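Comments concern the structure below.
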Amino acid sequence: MTDRGTTARVTAGFGRNYLVEDTHGTPRLATRRGKRGDIIVGDQVRVSLDPSGQAVIESALPRASVLMRAEGTREKTLAANIEQIAIVFAARPAFNPHFVWRALLAAHGAGIGALAILNKNDLPDIEPARSFLAKLAALGYRTLGVSAKAGANEAREALMHVLRDRTTLLVGQSGMGKSTLLNLLVPGAGAPTQEFSHRLNLGKQTTSSSRWFGLPGGGALVDSPGFQSFGLRHLDARELAAAMPELAQVAGQCRFADCGHLDEPDCSVRAALARGEIDPARYAFYRQVMAELRG
Ligand code: GDP
Ligand code: ZN
């Protein structure tokens, strides 16, 4: 097929209909005929007009990155062309270290950077969450503590600093304050999707896809739909230790080059664990994900 039409960015999906934005940021609906599910938010696509004036997605340009998660045995794409992932967590409603660690592994698997954001810094009793954040920083991850509600201006400034000119996917379990943070950075963020889902007669139901928002100062923020578990079945078990900095640091000294750091003799990872240099909770997490990937 010839390279027809104009290039646009996919900013939301509603089944076979998509919201796309041209280079001026003007949104419009475009359909994908015949195929389903091959276009995802973040894709750059070629759009043309059919004889009735309907915008049609002809093809997608090659992707620089694809972020995925697994749900049971199904793989789900979160977004394309993302440069970094920002993981939002908070002490309440529930503080779940595994969700954050899993998202960090997913970012590594997609070959992109990550940033852990502790929100609701204003809550009392957040010491466990704070020390969790400090441990991530000690492992070399970029971290940030904010309060979207009690310190909105400071939060906006600190976030703009790390988000400016980059394309960032926001992930987090529901209730962590992801929408509050998004609205702080992109006022009125929910409006376009609501308007178009209304036009498509989808009623109150909006979209279960991610949504792409240009940031006022440059760059983009992509909101992912809330989900509770971050399945990683799509990752390669052999790459897992390399994705955990404290394991990667010593893994090269194991007796076997293909050591899985489980029960093999002369394993430098388990030796470091025995010396107290690796957090037992992180090693237990490693074994759990390993079992998942091999299962
Ligand atoms: P989402 O499900 O992650 O999008 O979370 P929301 O943005 O809807 O926020 C969930 C709840 O947490 C709401 O009641 C917010 O008002 C509240 N919340 C968000 N940010 C903060 C914060 O920094 N501090 C406190 N105390 N509450 C917050
Ligand atoms: Zn080993």
Side-chain angles (χ1 to χ4, degrees), residues 78 85-96 99-100 103 116-127 129-130 133 143-159 168-190 193-194 206-211 213 221-230 237-275 277-278 280 282-284 286-287 289-290 294:
L78 285 167
I85 176 166
I87 309 149
V88 182
F89 71 104
R92 289 201 207 132
F95 164 48
N96 181 353
F99 185 93
V100 180
I117 301 172
L118 169 62
N119 186 32
K120 310 197 191 186
N121 236 341
D122 56 293
L123 291 178
D125 310 324
I126 61 157
E127 210 31 65
R130 277 226 177 104
L133 194 73
T143 63
L144 202 60
V146 297
S147 170
K149 256 183 134 173
N153 288 334
E154 294 93 322
R156 190 188 298 109
E157 204 164 299
L159 284 163
T168 306
L169 179 74
L170 266 182
V171 301
Q173 293 176 293
S174 22
M176 298 298 159
K178 206 157 57 68
S179 327
T180 310
L181 285 170
L182 177 69
N183 278 301
L184 202 61
L185 296 157
V186 189
T193 7
Q194 264 159 30
T206 49
T207 172
S208 58
S209 80
S210 297
R211 294 176 309 158
F213 303 99
L221 200 51
V222 185
D223 189 24
S224 63
F227 49 83
Q228 293 302 330
S229 75
F230 211 125
R238 289 164 303 182
E239 298 289 324
L240 189 56
M244 296 179 65
E246 73 276 48
L247 271 66
Q249 202 186 357
V250 293
Q253 296 146 33
C254 297
R255 187 204 292 186
F256 301 111
D258 63 348
C259 186
H261 322 300
L262 298 169
D263 307 300
E264 294 88 342
D266 294 331
C267 170
S268 61
V269 168
R270 280 186 300 120
L273 176 73
R275 289 195 303 271
E277 292 162 15
I278 289 176
R282 286 274 290 174
Y283 181 69
Y286 169 79
R287 292 190 73 107
V289 177
M290 220 30 188
R294 289 180 166 182

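All heavy atoms count here, side chains included; hydrogens, waters and symmetry mates do not. When a ligand or atom number is given, it counts from 1 through the structure's own listing order. On a predicted model such as this, the values are computed, not experimentally measured, just so you know.
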Legend entry - Working for side chain to side chain contact (heavy atoms under 4.5 Å, CB included), residues Tyr283 and Val269: CA-CA 9 Å; Tyr283 181 69; Val269 168; 4.0 Å; yes

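- Protein residues are said to neighbour a ligand when one of their heavy atoms lies under 4.0 Å from it; for ligand 1 these are Asn119, Lys120, Asp122, Leu123, Ser147, Ala148, Lys149, Gln173, Ser174, Gly175, Met176, Gly177, Lys178, Ser179, Thr180.
- For Asp266, the salt bridge (charged side-chain N to carboxylate O under 4.0 Å, His left out) criterion is met by Arg255, not counting sequence neighbours.
- Looking at Arg130 and Asp125, no side-chain N of the basic residue comes within less than 4.0 Å of a carboxylate O on the acidic one, giving no salt bridge.
- For the Zn ion (ligand 2), protein N, O or S atoms closer than 2.8 Å were enumerated as Cys254 SG, Cys259 SG, His261 ND1, Cys267 SG, with waters left out.
- Ring pair Phe230/Phe99 is perpendicular by interplanar angle, where above 60° counts as perpendicular and below 30° as parallel.
- With Lys120 contributing its side chain and Arg92 its backbone, the two residues share a donor-acceptor pair below 3.5 Å.
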Legend entry - Worked verdict on Ser147 versus Asp122 for side chain to side chain donor-acceptor pair (under 3.5 Å): CA-CA 6 Å; Ser147 170; Asp122 56 293; 2.8 Å; yes

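- Counting non-hydrogen atoms of neighbouring residues, nucleotides and ligands closer than 6.0 angstrom, the CD atom of Glu157 reaches no more than 12 such neighbours.
- The stretch residues 239-249 participates, sequence neighbours left out, in these side chain to side chain donor-acceptor pair (under 3.5 Å) pairs: Glu246-Arg282.
- Checking side-chain atoms of Arg211 against main-chain N and O of Ser224 turns up no donor-acceptor pair under 3.5 Å.
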